[in-house]
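These notes concern the structure reproduced below.
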Amino acid sequence: MTEQTVDYQKTLNLPKTDFSMKADLVKKEPLIRQKWEKEDLYHQIIKKNKDKTKYILHDGPPYANGDVHVGTALNKILKDIVVKFKAMQGYYAPFVPGWDCHGLPIEHRVMNPVRSKSPEGTAVPTLSERTSNGVNQMSRWTSGKDATTSQIREECEKYARRYIEIQRRQFQSLGVLGEWHNPYLTLDPSYESAVIEVFSDLVKKGFIYRKLKPIHWCMHCETALAEAELEYADEKGPSVYVKFPIVDTTEMTQKLKTPNSALRTPHSFFIWTTTPWTLPANVAVAVHPDLEYAFVEYTNADTKRPEVLIFAEGLVEKVMKLLGINDYKVLFKLKGAKLENLQYEHPFIKRTCQVILADYVRLEDGTGVVHTAPGHGIEDYESGLKYNLPVLSPVDSKGRFTTEAQVFEGVRVWDADDKICQMLKDSGHLLLRQDMVHSYPHCWRCKKPVIFRSTEQWFISVDNHSARLKALEEVKKVRWVPEWGQSRISSMLEQRPDWCISRQRQWGVPIPVFYCTRCHEPLLDGKVIDFVKELFRKQGANSWFTKPTSELMPPDTKCNKCGGGEFTKEKDIFDVWFESGSSFRAVVIENNDLQFPADLYLEGTDQHRGWFQLSLLPSVMTRSEAPFKTVLTHGFVKTPEGDKISKSKGDLLLSDEMVSKVGADIIRLWIASIDFTDDIPVSMEILEEKADPYRKIRNTFRYMLGNLYDFSAEPSGSGGNPKTDLVKYSQLWEIDRWALNKLHRLIKDVTLYYDNFEFYRVFREIYEFCVVEMSAFYFDVLKDRLYTFAKDSPDRRVAQTALYEILTALVRIIAPILSFTAEEIWSHIRGINPKLEPSVHLSDFPEVDNSKIDQGLEERWQKILQVRSEVAREIEKLRKEDKIGSSIEADVKLYSDGAGVLEFLRTYEKDLPMLLKVSSIKVIEKKVSPVTGAIQMSVEITKSGHQKCQRCWNYTESVGKNPSHPALCSRCIAITDKY
RNA sequence: GGGCGUGUAGCUCAGUUGGUUAGAGCACACGCUUGAUAAGCGUGUGGUCGACAGUUCGAGUCUGUCCACGCCCA
């Protein structure tokens, strides 16, 4: 480089800015966040829109356990993007985050910290680890005897609050703004009280009832167990084949049109079971409607008479071999569906039972005819509901048969296996007994095998007052994004059974019901429940466990049945889904800042069955409308290979880990770049891939900021800056108007995409705008004007005005997504215009100026861009031959005869060198064929014969003509003379 | 096994009511530039549109079957 060129460089207006190329997000983000916190940005935003239309996104509460990971981060950031966008659009959009605090996982962690190791690798010590006095308090509790419910609940609350703190910090570090210092917690007294209020409403409207339902039961611990509390282990037990005789063969022969000989031969359904002790509760046998069932005739070894066994055809050979019967005959066979409703006699209890159909019948084991005892199994129970079968469960809490089991009264169920087998053998019903080892559930605490036992549970009747139909109607009024959410939730609603809301646990909201000590009648009374509601509002649900029963109800409460005045309180608590399903009341209605129904619920697709459905039902039942206007769902994160994320394999990225590696804005950009309605592949690599688009966007801003270092955008007039550099739109060059046309198209599209929650389209549009339209074309062309023109020349100010408009609009467009970076950019823009709002998040979303959108202009420039790329292609050919370097060295001849094309090229002939960054353009009329590109023309490139201007680098005729400035072109001489 | 989805270049996405050689950006390769410089620009390579049938003059686009994956159930 010669000294002379260095001098000329000083006469240029090269970009200047403190906005660094390197993002350093990991370091900068915490500083920006601190500033937001200090200035209470969230409440400033809220205050700004105080009287505007409300937009309520109601946060679904995450569980207060474990660290925030990529899945939870995805959800919260999506919410944050929506809320920030709405706030910038001028809506009053408060965001009240919530936490689900009750429930089994926390209770488990507290009760048995050793077993339930946190898979998230949590930094929080478990309770036993935290016990500092040397006494391992928790392990003592593990026995379940020493701790009172209140003590356990206290520990649970501590645990939940600890994780709420952790998650709060992690969400905040992702840039999510909200009511972080006043979130809603399902353990807040006000929340607990609202849950009771919903229950009270349901009771008053008659939705609540009580009935038997089988649950896992440990007869050693005398307690109910949840699925998560079971440990499966191999267990040796009986495997028995029993015949259930058909008494009235007349009915059968008529119905099935079997030969009349059947009337004389005893027929039996042939069942198999591994739990003979449940046979006293047998009320049906299930067959598969589509399977073939065989009528197998053989000779009874004892009676020496023919008998017929009915069971699945596919198992005949296998089973007869097991029985050791070689001489048998399949009389005929028919579909299981035909057997429906046939009756048989219980083998040892006086009871007539029936055949039912069930899809779960399989041919893997047994006979294809399934012993059904609705009191002792979930599938049996569900079938029982369909056929209206009685739920028999003649077993007490210690596992002893009750009087209902007749001769077996007082026998323990495990002992009953043998006794029942013996009895069946004696009566000739038992054809085979073997022992087999199979996987069987055991109590996680005492390790003893558990049973299914039916107990009284509380239910919400889904069909009362046609609630199911109403809910289905409401579903149609809701906007589901994506649309298939509607069919998904509808089919679930159509099929779902009544909702069992009682749980035999401790960490939750108690069900406010009392039992008369005299007649044991449950007291389900709206007034009494409302008393509890008020009590909870003041003192929380803990009071249920600390106060005597008499203080939990209005004085002088009497039993409705017997008039007794003494009661015991319910021990069960609510299903946690009932709690979170009550959030529409506890949060959206209770909080005056919010508004029912909420505008948006936004959760993963699993919540169609969960929170959405279980919020919809209580809301429809108590308020006759859906709690949400729009429901948006996202898919689940999965591995790059498309498989389910496995915590144990370490696939699950933690929020802290991501934030400290790539920064929150990269995570946010990644989230904005994907179609989240589908499954979402994720890995650290996939995240890191977003660093590049980020840099591109960042550099686009850097270019604009750099070229506005000497620009004042503070508007003039009315006390504004008189020295403003802003120029009127009418003075803009056509290319500037083209750029603004593109900008306003972008604003228009992006606004629509944000409104439709299509953030990946927002991202795409922004990105292509930055890379293709601005960086590759407009900014490139602009360099000459910005760098080489006189500093305050009108033409340069015109370009800067356009840049300023683009900059200030674009930064607001990205703000909901790149919240930190946008804020950083904003602080630099405030140097150009100090009148701007202190934070980008306090500014308004840019509005489309339709007067700046010009279809004709756009089409003309589309052609110019085509010419540009065809010329570039030709230049590239010469470059490959080493004949030319930079395009600015090229002299270009455009040949055309095309109708309109020639004319078009001539119109822009003067501007084309600048637009194509070449030395010169000559448009020449000439017949061209064949045409290679999209334009009816051909291109010829030669290297310019002119000299290069040392200042502006253009090759023009005038260079060297002026003896006092031999290295400059005439334009540059005129400019430098001013200095 | 059932319900609801998804499957277009290595990645993220476009592909209108079925119609000419399936597009874009990134990545990659090769260059240019060195006045956005740990930046910027250009050109190029790359796809049997999950598979197989079918409807049609013609299918990524419609129909069916299958495969893979996810969510929720069983």
Side-chain angles (χ1 to χ4, degrees), chain A residues 1 5-6 8-17 19-22 288 290 358-362 378-379 382 482-492 494-496 604-610 613 633-645 669-670 672-675 677-681 685-686 689-693 695-696 698-707 758 760-761 763-765 767-772 774-777 779-784 786-788 868-869 871-880 882 884-889 917 951-953:
Chain A
M1 226 183 246
T5 56
V6 172
Y8 287 131
Q9 199 167 18
K10 283 180 184 162
T11 69
L12 297 169
N13 317 301
L14 296 180
K16 227 186 278 179
T17 179
F19 182 69
S20 67
M21 185 178 288
K22 194 164 182 287
H288 196 289
D290 300 330
D359 290 334
Y360 53 77
V361 175
R362 293 275 170 276
I378 284 293
E379 283 182 333
E382 303 284 350
E483 282 176 24
W484 49 258
Q486 181 176 335
S487 42
R488 191 169 154 93
I489 194 167
S490 293
S491 69
M492 286 169 181
E494 280 159 13
Q495 290 165 24
R496 69 149 304 135
T605 57
D606 55 335
Q607 301 303 337
H608 281 115
R609 167 162 287 270
Q613 189 203 177
T633 52
H634 56 78
F636 274 65
V637 289
K638 56 181 188 177
T639 67
E641 291 72 41
D643 296 325
K644 189 188 167 99
I645 293 269
L669 191 65
W670 164 69
S673 74
I674 50 171
D675 178 359
T677 58
D678 198 358
D679 299 320
I680 303 147
E685 288 69 37
I686 289 175
E689 278 169 18
K690 285 292 169 288
D692 202 77
R695 268 195 293 273
K696 289 272 192 179
R698 188 178 175 90
N699 269 317
T700 302
F701 280 102
R702 191 171 127 90
Y703 176 91
M704 292 189 279
L705 287 169
N707 282 298
E758 296 173 299
Y760 68 97
R761 293 186 181 211
F763 165 77
R764 222 175 111 85
E765 291 262 328
Y767 190 48
E768 292 197 6
F769 178 79
C770 288
V771 173
V772 184
M774 294 300 113
S775 196
F777 181 56
F779 290 178
D780 214 31
V781 169
L782 229 45
K783 284 175 187 169
D784 186 55
L786 292 167
Y787 298 173
T788 71
R868 183 177 147 103
S869 74
V871 169
R873 204 171 297 134
E874 291 303 315
I875 293 174
E876 185 67 19
K877 281 182 192 162
L878 289 199
R879 206 177 271 145
K880 289 265 148 59
D882 259 343
I884 203 166
S886 167
S887 67
I888 198 73
E889 297 171 36
K917 299 199 83 172
R951 182 169 176 276
C952 71
W953 291 349

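Within every chain, numbering begins at 1; the chains are lettered A, B, ... in the order of the sequence lines, protein sequences first and strands thereafter. Bear in mind the structure is a predicted one, so any value in this text is a computation, not a measurement.
- Counting non-hydrogen atoms under 4.0 angstrom, A:Lys783 reaches a base of the nucleic acid.
- To the nearest 0.5 Å, atoms NZ (A:Lys22) and CZ (A:Arg695) are separated by 10.0 Å.
- Rounded to whole Å, the P atom of B:G5 lies 23 Å from the corresponding atom of B:A9.
- Comparing B:C71, B:G40, B:G35 by their closest approach to the side chain of A:Gln9 singles out B:G35.
- We find that CG of A:Leu786 is positioned 11 Å from C1' of B:A36, with the value rounded to whole Å.
- For A:Glu689, counting side-chain heavy atoms from C-beta on, the closest listed nucleotide (B:C11, B:G40, B:U37) is B:C11.
- Across all strands, A:Asp675 comes closer than 4.0 Å only to sugar-phosphate atoms, never to a base (heavy-atom distances).
- If you check B:C4, B:C11, B:A36 against the side chain of A:Phe779, the one that comes closest is B:A36.
- Rounded to an integer number of Å, the gap from CD of A:Glu379 to C1' of B:G1 is 11 Å.
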- request: Check the pair A:Thr700 / A:Met704 against side chain to side chain contact (heavy atoms under 4.5 Å, CB included), numbers first and verdict last.
  value: CA-CA 7 Å; A:Thr700 302; A:Met704 292 189 279; 4.1 Å; yes

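- Between the side chain of A:Ser673 and the backbone N or O of A:Trp670, at least one donor-acceptor pair lies under 3.5 Å.
- The side chain of A:Arg873 has B:U43 as its nearest neighbour among B:U43, B:A27, B:G40.
- Judged by the 6.0 Å and 45° rule, A:Arg698 forms a cation-pi pair with A:Phe19.
- Within the 4.0 Å cut-off from OP1 or OP2 of B:A38, not a single side-chain nitrogen or oxygen of A:Lys22 is found.
- A gap of 15 Å separates the P atoms of B:G47 and B:A24, to the nearest Å.
- Among the nucleotides B:C71, B:A39, B:C26, the one closest to the side chain of A:Lys644 is B:C71.
- One P atom belongs to B:G10, the other to B:C32, and the distance between them is 29 Å to the nearest Å.
- A distance-only check finds a donor-acceptor pair linking the side chain of A:Asn13 to the backbone of A:Leu786 [under 3.5 Å].
- With P as the reference atom, B:C11 and B:G58 are 33 Å apart, rounded to whole Å.
- Across all strands shown, B:G10 pairs with B:C26; the Watson-Crick or G-U wobble distances both stay below 3.5 Å.
- Judged by distance alone with a 3.5 Å cut-off, a donor-acceptor contact links the side chain of A:Glu876 to the base of B:G42.
- In this structure, the CG atom of A:Leu878 is 21 Å from the P atom of B:C30, given to the nearest Å.
- Side chain of A:Asp643, nearest nucleotide from B:U12, B:C69, B:G40: B:C69.
- Side-chain proximity of A:Asp678 to the nucleotides B:C26, B:A14, B:U6 is greatest for B:U6.
- In this structure, B:C62 forms a base pair with B:G54, meeting either the Watson-Crick or the G-U wobble geometry with both donor-acceptor distances under 3.5 Å.
- OP1 or OP2 of B:A14 has at least one side-chain nitrogen or oxygen of A:Arg761 nearer than 4.0 Å.
- Between the CD atom of A:Glu382 and the P atom of B:A74 there is a distance of 7 Å, given to the nearest Å.
- For the atom pair OH (A:Tyr767) and CD (A:Glu765), the distance works out to 14.5 Å, reported to the nearest 0.5 Å.
- Here the C1' atom of nucleotide B:C4 and the CD atom of A:Gln486 are 13 Å apart, to the nearest Å.
- Between B:A24 and A:Tyr767, no contact under 4.0 Å exists linking OP1 or OP2 to a side-chain N or O.
- Using the Watson-Crick or G-U wobble rule with both distances under 3.5 Å, B:C69 pairs with B:G5.
- With hydrogens and angles disregarded, a donor-acceptor distance shorter than 3.5 Å links the side chain of A:Arg488 to the backbone of A:Thr605.
- Of the charged side-chain nitrogens involved, none lies within less than 4.0 Å of a carboxylate oxygen, so that A:Asp606 and A:Arg609 do not count as a salt-bridged pair.
- Counting to the nearest Å, the C1' atom of B:A39 and the CG atom of A:Asp692 are 11 Å from each other.
- Within 4.0 Å of A:Gly635, counting heavy atoms only, lies no atom of the nucleic acid at all.
- A:Pro681 comes within contact range of the sugar-phosphate backbone alone, with a heavy-atom separation under 4.0 Å but no base atom that close.
- B:C67 and B:G31: their P atoms are spaced 49 Å apart (whole Å).
- If you check every strand for non-hydrogen atoms under 4.0 Å, A:Gly706 touches nothing.
- Contact annotation for A:Ser775: base contact, defined as any heavy-atom pair under 4.0 Å involving a base atom.
- Side-chain nitrogen and oxygen atoms of A:Arg488 include none within less than 4.0 Å of the OP1 or OP2 phosphate oxygen of B:C73.
- At a threshold of 4.0 angstrom between heavy atoms, the contacts of A:Arg609 are confined to the sugar-phosphate backbone, with no base atom among them.
- Two residues, A:Val772 and A:Asp780, neighbour RNA chain B, and the one matched to the more 5' nucleotide by heavy-atom proximity is A:Val772.
- Atom P of nucleotide B:C72 and atom CE of A:Met492 are separated by 9 Å, given to the nearest angstrom.
- Between the C1' atoms of B:G44 and B:U65, the separation comes to 41 Å (whole Å).
- Between B:A39 and B:A22, the two P atoms lie 35 Å apart (nearest whole Å).
- Contact between the side-chain N/O atoms of A:Lys696 and the OP1/OP2 oxygens of B:C41 is found at a separation under 4.0 Å.
- Closest to the side chain of A:Ser886, from the set B:G35, B:C32, B:A14, is B:C32.
- For the pair A:Phe636 CZ and B:U6 P, the interatomic distance rounds to 17 Å; values are reported in whole Å.
- When the C1' atom is used for both B:G2 and B:C57, the distance is 41 Å, rounded to whole Å.
- The side chain of A:Pro15 has B:A36 as its nearest neighbour among B:A36, B:C13, B:U12.
- Closest contact between the side chain of A:Asn699 and the listed nucleotides B:G35, B:A14, B:A39 involves B:A39.
- OP1 or OP2 of B:G35 has not a single side-chain nitrogen or oxygen of A:Tyr8 nearer than 4.0 Å.
- A donor-acceptor pair under 3.5 Å is absent between the side-chain atoms of A:Arg868 and the main chain of A:Phe777, judged by distance alone.
- No hydrogens or angles were tested; on distance alone, nothing pairs the side chain of A:Arg879 with the base of B:C32 as donor and acceptor under 3.5 Å.
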